[in-house]
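Input: a single structure, listed below in C-alpha cells.
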Amino acid sequence: MKKFLSQKPARKPRKPQFEMTPEMQRHMDRAAARVGALADKEARKDDKIQRQARTAIVETFDAWLEGLEDEAPEQVEDMFFELGCLATATNRRRIFKHDKAPAGVAERVQKLIDRWKVEEEAAKAAALNAAQVKPDADDHA
C-alpha cells in the first residue's frame, strides 16, 4: 500500500482588511488640513500672547528699576550683574549701556566670565588627560 503525502493547498496572499476609497482619502486629507490650520492658528495665538507679555515687561521694567533704585540700590547692581552673567557677549554690551547700569558691574561680570573660561579650560584639560591616561592603564593590565 502506497502512502500518499497530503499536499497543503497553496496560500493566497491575504487581502488587506481595510482599503481606503478615493472619497475616504479626500475626506482624510481635508480633515488633516483642518487640523493643521487649527494648530497653526493656536500656535500664532500663543506666540502673540507671549510677545504681548514680553512687551508689557519691557514697558514696565524702567518704572520697576526706578522704584528699586530708590528702595534698594544694591539690588539694582545685583540684577545687572546677574543679567550680565547670563547674557551673550553682544547682549551683555547692550545691557551695560543702559542708563541705570551701575558703574563697575561690567568689569565684575567680565572677571567672573574670565574665571569661568579658565575653569572650563582646566576641566577640559583634566578630562583629556584622564582620557589619555585611561587607555595606557588598560594596556598594562
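Positions are given from 1, in the same order as the sequence printed here.
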Original post:
Do Arg30 and His27 pass the side chain to side chain contact (heavy atoms under 4.5 Å, CB included) test, and can you show the C-alpha distance, the side-chain angles, and the key distance before you say yes or no?
Top reply: CA-CA 5 Å; Arg30 283 194 355 232; His27 286 295; 4.0 Å; yes
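- Nearest heavy atoms, Val105 versus Phe80: CG1-C, 3.9 Å.
- When hydrophobic side chains of Ile, Leu, Val, Met, Phe, Trp and Tyr are connected at separations under 4.5 Å, Val35 ends up as a singleton with no cluster partners.
- When hydrophobic clusters are built by joining Ile, Leu, Val, Met, Phe, Trp and Tyr residues whose side-chain heavy atoms come closer than 4.5 Å, directly or via intermediates, Phe61 is grouped together with Leu68.
- Residue Met28 places its CE atom among 12 or fewer non-hydrogen atoms of other residues, nucleotides or ligands, all under 6.0 Å distant.
- Residues Arg51 and Arg54 meet the side-chain proximity criterion, which asks for heavy atoms closer than 4.5 Å.
- In this structure, Arg108 and Glu77 approach most closely via the heavy-atom pair NH1-OE2, 2.8 Å.
- Annotation: side chain of Asp62 is in contact with side chain of His98 (closest heavy-atom distance under 4.5 Å).
- Atom CZ of Arg34 and atom CG of Asp29 lie 11.0 Å apart (nearest 0.5 Å).
- A distance of 13.0 Å separates NZ in Lys111 from CD1 in Ile113, rounded to the nearest 0.5 Å.
- Nearest heavy-atom pair, Arg92 versus Ala87, reported as atom, atom and distance to 0.1 Å: NH2-O, 2.9 Å.
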Original post:
Where do Glu120 and Lys124 land on the salt bridge (Lys or Arg N to Asp or Glu O under 4.0 Å) test, with the steps shown first?
Top reply: CA-CA 6 Å; Glu120 184 179 357; Lys124 284 181 182 178; 3.7 Å; yes
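- Here CG of Asp47 is found 11.0 Å from CD of Gln52. Values are rounded to the nearest 0.5 Å.
- Here Glu119 pairs with Arg115 in a salt bridge; the nearest charged N to carboxylate O distance falls below 4.0 Å.
- Asp78 contributes atom CG, which lies 11.0 Å from atom CG of Leu83 (distance to the nearest 0.5 angstrom).
- Put simply, the side chain of Lys41 does not reach to within 4.5 Å of the side chain of Lys45, judged on heavy atoms.
- One distance of note links CG of Asn91 with CZ of Arg93; it measures 9.0 Å at 0.5 Å rounding.
- Note that CG of Leu128 is 13.0 Å distant from CD of Glu121, once rounded to the nearest 0.5 Å.
- Counting heavy atoms from C-beta on, the side chains of Lys100 and Glu66 come closer than 4.5 Å.
- At a threshold of 4.5 Å between non-hydrogen side-chain atoms, the residues Phe96 and Gln110 do not count as touching.
- Nearest heavy-atom pair, Cys85 versus Val109, reported as atom, atom and distance to 0.1 Å: N-CG1, 3.9 Å.
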